[in-house]
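Here the structure is a predicted model, which means the values were calculated and not measured. Order of the sequence lines fixes the chain letters, A, B, ..., with proteins taken first and strands second; residue numbering starts at 1 for each chain.
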Amino acid sequence: MSNKESLNFVEIEVEKDLEAGTYAGRVHTRFPPEPNGYLHIGHAKSICLNFGLAKKYGGKTNLRFDDTNPVTEDTEYVDSIKADIKWLGFEWEGQELYASDYFEQLYEFAVKLIQDGKAYVDDSSAEEIAKMKGTPTQAGLNSPFRERTIEENLRLFEGMKNGEYPDGARVLRAKYDMASPNMLLRDPNLYRIKRAHHHRTGDKWCIYPLYDFAHGQSDAIEKITHSVCTLEFKNHRPLYDWLIESLGIYPTRQIEFARLNLEYTMMSKRKLLQLVNDKHVSGWDDPRMPTISGMRRRGYSAAAIRNFCDRIGIAKRDNVIEYASLEFSVREDLNKVATRVMGVLDPVKLVITNYPKDQVEFVEIENNPEDPESGVRSIPFSGELYIEREDFMEDPPKKFFRLGPERSVRLKSGYIITCTGFDKDPDTDAITEIRCTYYPDSKSGADTSGIKAKGTLHWVSVKEAVPVEIRLYDRLFSDPNPAGHPDQDFREFLNPDSLRYIPTAYVEPALKEAKLGQHFQFIRKGYYCLDQDSSSEKLVFNQTVGLKDSWAKKG
RNA sequence: UGACCCAUGGUGUAAUCGGUAACACAACUGUUUUUGGUGCAGUCAUUCAAGGUUCGAGUCCUUGUGGGUCAACCA
């Protein structure tokens with residue numbers, strides 16, 4: 001194979017346009033969210049594509065809110081969307097734009113369409129219109145209002161704008177073809193009467209354009225060259241192109257790609273909103289949500305998400321991405337940037353019987369072995385430590401490299417120890433304390449003992465240990481496709497164990513200085529980050545993702 | 001029973017004028033390692049089916065099969 005980088009099909013189409021000089025060598029894309037929910041990982045794919053295209057071909061990307069349905073839209077969503085895009089590392093061209101900025105222009109476009117005999121006002125009810133639509137195999141029926149004069153249509157449409165008719169009384173429709181085999185072309189609705197307070201235009205308008213008469217027109221107004229959207233809009237394209245031609249506006253090209261589907265979750269904003277409203281999650285930014293804000297809170301980095309979007313590619317076939325692919329991207333990035341720290345999630349006390357009583361020494365630990373620039377840090381070591389309960393077995397199998405009676409391990413950055421005994425709670429059989437001796441000449445970095453220890457354990461000095469709360473997350477749904485069962489509500493597949501609390505775990509003192517947005521690796525356990533629920537009295541850490549664990553897999 | 005789109009390993013994406021299936025993830029080996037992490041090396045597909053065109057087909061044609069989208073005054 002050549003060393004030429006392979007292009008996705010959208011890039012191929014863009015390059016064709018570039019070569020043909022279709023848009024005078026320009027590439028201007030747009031990301032057009034509706035402000036009716038928070039952005040999710042599927043949007044991230046679209047953001048990376050649209051902004052990536054512009055970046056690659058020296059173009060620009062507009063951020064345009066597709067705010068034509070006032071009843072579901074809100075400024076809270078506008079703010080979160082802007083924040084999420086910035087956090088992902090993208091910059092849109094100039095100020096953010098709004099389809100609602102074009103309401104006046106859109107109205108004029110509609111008038112022109114009517115004047116050209118290409119649109120009419122229909123007095124039928126929504127039900128009647130639906131009935132006259134026909135079915136996929138059966139042509140629709142012309143509306144009795146279809147042949148109104150241009151003058152009457154003009155007068156009626158103006159009346160709609162002026163609030164002379166109640167909501168739903170009339171609608172503006174394209175005069176296209178009620179017999180079209182493409183259902184979307186059977187005289188689609190263009191404008192509806194809806195008295196609702198708009199988050200930006202307030203009560204100025206009582207008619208609002210529908211998607212088909214707002215999106216493409218906004219693209220044209222902004223002289224967008226390539227309007228990249230998901231596959232479900234493919235069937236709209238003939239209408240998109242027809243309106244451009246009819247209106248004589250900028251000929252933006254619509255290109256459709258397959259949306260992202262991720263195992264064990266779903267991307268429907270409507271369904272995600274239900275989870276929020278029903279309090280199945282703590283909010284749009286719950287760390288279990290597939291939202292950008294949820295993933296950020298969970299500890300996923302922007303680079304990880306970008307790399308993920310890069311890795312999954314762009315194509316036209318339906319796809320379901322494995323969760324492992326996302327988690328790989330997260331681990332890959334965090335491995336490079338996360339500071340290694342000591343944290344014991346399920347503590348059991350380890351007493352080093354030959355260590356000087358009450359002595360505390362500071363041992364050095366690398367901040368990140370993957371990053372030579374990251375330096376070292378000192379952590380307190382003493383004769384009383386917490387280690388992980390699962391790192392000790394009373395009667396371990398041969399392949400268990402951790403602690404057991406008579407067995408030796410290295411305490412990471414400290415000394416090699418040999419287990420000499422342990423205590424058990426007679427009632428519960430639980431280990432209450434482990435005893436060991438250490439080898440003073442085995443100190444990390446200055447080991448002259450000659451002793452070989454197969455395993456290395458993480459630990460925290462009891463006296464200096466900081467108690468923290470840990471939140472462990474699992475997939476939100478137990479079914480790979482929770483929204484894919486026509487006879488069952490997606491909430492039936494909610495995983496009851498998706499959130500687990502560890503009320504008291506112990507971490508090294510340096511973590512008292514942890515800041516929101518920092519990434520840590522709790523050595524041998526996983527990646528963690530401080531949660532916004534933390535207070536000065538209680539620190540809360542989220543597990544971003546566990547480390548790969550080939551031992552747990554075998555066991 | 002309509003229109004449109006799609007079909008390459010367990011998953012995702014490549015193969016750009018038809019030239020002999022590549023990359024990543026997952027899985028499994030082995031190796032390195034003061035994280036059972038990381039790194040490194042290796043194993044794992046004749047491209048939905050059947051015909052056709054061609055010296056040669058994942059790529060072109062035909063017919064099937066399977067999947068998706070469309071009948072919101074949502075986007």
Please confirm whether the shortest side-chain N or O distance from A:Arg331 to OP1 or OP2 of B:G39 is below 4.0 Å.
no
Which part of the nucleic acid does A:Leu231 contact within heavy-atom distance under 4.0 Å: base, sugar-phosphate only, or nothing?
nothing
Stacking check: are the rings of A:Tyr211 and B:A75 less than 5.5 Å apart at their centres and under 30 degrees in tilt?
no
Short side-chain N/O contact to B:C6 OP1/OP2 from A:Lys316, under 4.0 Å:
yes
CD of A:Gln254 versus P of B:A75: gap in Å, rounded?
15 Å
Ignoring the backbone of A:Asn235, work out which of B:G36, B:G37, B:C70 is nearest its side chain.
B:C70
Base, sugar-phosphate, or nothing for A:Arg410, non-hydrogen atoms under 4.0 angstrom?
base
Using a cut-off of strictly less than 4.0 Å, decide whether A:Arg170 has a side-chain nitrogen or oxygen near OP1 or OP2 of B:C73.
no
Proximity to the side chain of A:Glu34 - top-ranked nucleotide from B:C74, B:U35, B:G36
B:C74
Please classify the nucleic acid contact of A:Asn335 as base, sugar-phosphate, or nothing, using heavy-atom distances under 4.0 Å.
base
Among B:U35, B:C5, B:G2, the one nearest any side-chain atom of A:Lys234 is B:C5
So A:Ser329, base contact, sugar-phosphate only, or nothing? Heavy-atom distance under 4.0 Å.
nothing
Could you give the distance from OG (A:Ser46) to CZ (A:Phe257), rounded to the nearest 0.5 Å?
4.5 Å
P atoms of B:G56 and B:U20, separation to the nearest Å
15 Å
Which of the following nucleotides, B:C74, B:U38, B:G2, is nearest to the side chain of A:Leu210?
B:C74
Taking B:A50 as the reference, what is the distance to B:G42 when you measure between their C1' atoms (whole Å, please)?
38 Å
Under 3.5 Å donor-acceptor, A:Arg340 side chain and A:Phe522 backbone
no
Angle class for the A:Tyr98/A:Phe65 ring planes (parallel below 30°, perpendicular above 60°, tilted otherwise)?
parallel
Are A:Phe328 and B:A26 stacked, counting the six-membered base ring, centres under 5.5 Å, planes under 30°?
no
Would you mind reading off the distance between A:Glu366 atom CD and B:U33 atom P, rounded to a whole angstrom?
15 Å
Whole-Å distance between B:A24 P and A:Glu327 CD?
20 Å
Of the listed nucleotides (B:C74, B:G12, B:G2), which one gets closest to any side-chain atom of A:Asn319?
B:G12
Determine the interatomic distance between P on B:U65 and the same-named atom on B:U1; round to the nearest Å.
9 Å
Any A:Ser180 side-chain N or O less than 4.0 Å from OP1/OP2 of B:A3
no
Report the nucleotide, chosen from B:G37, B:A71, B:G67, that has the shortest atom-to-atom distance to any side-chain atom of A:Asp318.
B:G67
Ignoring the backbone of A:Phe401, work out which of B:A3, B:G36, B:A24 is nearest its side chain.
B:G36
According to a strict under-4.0 Å criterion, is A:Thr72 in side-chain N/O contact with OP1 or OP2 of B:A75?
no
Here the distance between atom P of B:G67 and atom CZ of A:Arg259, to the nearest Å, is 20 Å
Classify the side chain of A:Glu322 versus the base of B:G10 as yes if they form a donor-acceptor pair under 3.5 Å and no if they do not.
yes
Considering only atom C1', compute the distance from B:C44 to B:C61 and round it to an integer number of Å.
34 Å
Answer with base, sugar-phosphate or nothing: what part of the nucleic acid does A:Val320 contact at a heavy-atom distance below 4.0 Å?
sugar-phosphate
Should A:Arg192 be listed as having a side-chain N or O under 4.0 Å from OP1 or OP2 of B:C74?
yes
Distance-only, no hydrogens or angles: does the A:Asn307 side chain make a donor-acceptor pair with backbone N or O of A:Ala303 under 3.5 Å?
yes
Nearest-nucleotide wise, let me know which of A:Gly414 and A:Ala324 is further upstream toward the 5' end of RNA chain B.
A:Ala324
Checking side-chain hydrogen bond (donor to acceptor under 3.5 Å, both in side chains) between A:Glu222 and each of A:Gln217, A:Arg64, A:Arg30, which is the one that passes?
A:Arg64
Determine the contact category for A:Ile523: base if any of its heavy atoms lies under 4.0 Å from a base atom, sugar-phosphate if only primed atoms, P, OP1 or OP2 are that close, otherwise nothing.
base
With a 4.0 Å cut-off on heavy atoms, is A:Lys131 in touch with a base, just the backbone sugar-phosphate, or nothing at all?
nothing
Give me the distance, rounded to whole Å, that separates B:A14 from B:A75 when you measure between the P atoms they each carry.
31 Å
Within less than 4.0 Å of OP1 or OP2 of B:C73, is there a side-chain N or O belonging to A:Asn189?
yes
Specify the separation, in whole Å, of atom CE of A:Met183 and atom P of B:U69.
15 Å
Report yes if at least one side-chain N or O of A:Lys194 is closer than 4.0 Å to OP1 or OP2 of B:C74; otherwise report no.
yes
Partners of A:Tyr211 by side chain to side chain donor-acceptor pair (under 3.5 Å), sequence neighbours excluded?
none
With a 4.0 Å cut-off on heavy atoms, is A:Ser124 in touch with a base, just the backbone sugar-phosphate, or nothing at all?
base
Please give, in whole Å, the distance from B:A75 C1' to A:Ile81 CD1?
12 Å
A:Glu164: salt bridge (Lys or Arg N to Asp or Glu O under 4.0 Å) partners, not counting sequence neighbours:
none
Which nucleotide in B:C4, B:U38, B:U16 has an atom nearest any side-chain atom of A:Ser6:
B:U16
Per-nucleotide pairing state of RNA chain B [Watson-Crick or G-U, under 3.5 Å; [ ] pseudoknot-crossing; | other strand]:
.((((((..((((.....[..)))).(((((.......)))))....(((((..]....))))))))))).....
Hey, is the side chain of A:Gln521 pairing donor to acceptor with the base of B:U35 inside 3.5 Å?
yes
Using a distance-only criterion (donor-acceptor N/O pair, under 3.5 Å, no hydrogens), is the base of B:U35 paired with the side chain of A:Arg340?
yes
Applying a 4.0 Å non-hydrogen cut-off, can you work out what A:His236 is touching in the nucleic acid: base, sugar-phosphate, or nothing?
base
Applying side-chain hydrogen bond (donor to acceptor under 3.5 Å, both in side chains) between A:Ser227 and each of A:Asn50, A:Asp219, A:Thr252, report the one that passes.
A:Asp219
Can you tell me if A:Arg311 uses its side chain to pair, donor with acceptor, with the backbone of A:Leu326 under 3.5 Å?
no
In whole angstrom, what separates A:Leu239's CG from B:U69's P?
20 Å
Output field: ring centroids A:Phe520/A:Tyr528 closer than 6.0 Å:
no
Short side-chain to backbone donor-acceptor contact, A:Ser442 and A:Tyr439, under 3.5 Å
yes
Touch check for A:Ala126, heavy atoms < 4.0 angstrom, all strands: base, sugar-phosphate only, or nothing?
base
Euclidean distance for C1', B:A45 against B:A26 (whole angstrom)
15 Å
Can you figure out which of B:G2, B:G37, B:C25 approaches the side chain of A:Thr137 most closely?
B:G2
Is a side-chain donor or acceptor of A:Gln254 paired with a backbone partner of A:Phe233 at a separation under 3.5 angstrom?
yes
From C-beta outward on A:Glu370, which listed nucleotide comes closest to its side chain: B:U35, B:C6, B:U38?
B:U38
